[in-house]
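Contents: one structure, followed by commentary.
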Amino acid sequence: RYVRQLQRLQLLFSPTAADARGARQFVEEAAQDFARQHPDVVLYVSPHAGPGPAPVLRAEYLNGTVRDELIASKTSEEIVQLATKLANQSGLDIIRIRKPFHTDNPSIQGQWHPLTNKPSVLTVQGPRLQPE
Amino acid sequence: MAPSARAGPAPCARQAPPPRFRVRREVTAMAAARARRAGASLLLAAVRHRSSQSSSPQAGLVAKTSLTSPPWPEVKLPDPVEEAKYHAEVVQKVNGLIAAGHYGRLFAVVHFASKQWKITSEDLIMMDNVLEAECGDRIRMEKVLLVGADDFTLIGRPLLGKDLVRVEATVIEKTESWPKVNMRFWRRHNFQRKKIISNPQTVLRINTIEIYPCLS
């Protein structure tokens, strides 16, 4: 009952740029292995000819967030690690989370309030006696 | 000492009979002194006698001060045989409830990643470390300290048996934390180092908590 949150990985690089060497090596060697290991992630490889923007690994998640990671001047292994890291993440923003836990049902036996485990004399209000 | 003092007159050494014209005064003086001494001793003896009479019947009422009894309320422990019977009855009832399935949501206290968590099913937990399990793996948590439902709780000492509880969880994601700044600065020394740290984190979702009726 596990759904991977990563939808697709887009590898944008240019085949002639010098800093995209790692990306080219990754595409040649490790891309197929990576795709086979993560069958529920779609990997797009789109080389754009000519000088363009820096090589980028774009990750799109099921909740719509798009995350770009620069892969300029990185070796093939580093790109593989980065890709696995992105694949293991979910699309939530990486900001400070206040609590490391989240529950929908915080209390089962009833939430404590100052009158639990006290004699019921304190809570019971008898019928008002009419003044005679 | 007291009875002997009470018995006879006050001891006084016998002297030679004094000359007559002083006898009466001395006699009266001596008699008065003797009487006084006898009276005092009588009184003393009476007091001592009364006190001995009151304290000799066992543990009579000593005056109640703040130190007669300890400040904590006196607890009466129940009879061990009765207590054992009561325990057996309670265990039987709880076993019956578990076997019949008369419980709703279960919660458990689990020791995991050097922390104790109170978890229910469909619960999210995040830890600041790396687990050697891929995303989507099902994990069974073994250190269970406490399991409870609406009507009963099972408390372990300190752990509950593995054949009693089963807690299963799935690894959902393995991310990094938000980038924390680690900066060191010494004033007037031209020293500052800045480092951005992001720890690896793992998110687990608790799938199920199950109990099996094998109490004793």
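Numbered from 1 within each chain, the chains take letters A, B, ... in sequence-line order.
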| query | Got a sec: does the CZ of B/R140 have more than 12 other heavy atoms crowding it under 6.0 Å? | reply | yes
| request: Would you mind telling me which of B/Q201, B/M126, B/E173 has the largest number of heavy-atom pairs within less than 4.5 Å of chain A? | output: B/E173
| note | When the 4.5 angstrom heavy-atom criterion is applied to B/S198 and chain A, the contacting part is neither
| Exceeds 12 heavy-atom contacts within 6.0 angstrom, atom OH of B/Y86 | no
| request: Sequence neighbours left out, what passes side-chain contact (heavy atoms from CB on, under 4.5 Å) with B/V167? Give chain and number order. | output: B/V110, B/I119, B/M141, B/V144, B/V165, B/I206, B/I209
| field | Side chain B/E122, main chain A/D104, donor-acceptor under 3.5 Å | value | no
| message | Using a 6.0 Å cut-off, check whether atom CD of B/Q92 has over 12 heavy atoms from anything other than its own residue. | response | no
| field | Heavy-atom pair of closest approach, residues B/K118 and A/P106 | value | NZ-O, 2.9 Å
| field | Heavy-atom proximity to chain A below 4.5 Å, by part of B/V203 | value | neither
| note | In short, ring pair (Phe, Tyr, Trp, His ring centres under 6.0 Å) pairs touching residues 145-198 of chain B with sequence neighbours left out are B/W186-B/H189, B/W186-B/F191
| field | Residues in residues 73-89 of chain A near chain B [non-hydrogen atoms, under 4.5 Å] | value | A/K85, A/N88, A/Q89
| task | Scan B/T120, B/L124, B/I125 and name whichever one has a side-chain contact (heavy atoms from CB on, under 4.5 Å) with A/T103. | result | B/T120
| field | Enclosure of B/K115 NZ (heavy-atom neighbours >12, cutoff 6.0 Å) | value | yes
| task | Return yes when atom CD of A/Q32 has more than 12 non-hydrogen atoms of other residues, nucleotides or ligands closer than 6.0 Å, and no otherwise. | result | no
| Any pair counted as ring pair (Phe, Tyr, Trp, His ring centres under 6.0 Å), so long as it reaches residues 90-118 of chain A, sequence neighbours left out | none
| query | For B/R105, does the CZ atom sit with more than 12 other heavy atoms under 6.0 Å from it, leaving out its own atoms? | reply | yes
| Between atom CD1 of A/I95 and atom OG of B/S177, what is the distance when rounded to the nearest 0.5 Å? | 12.5 Å
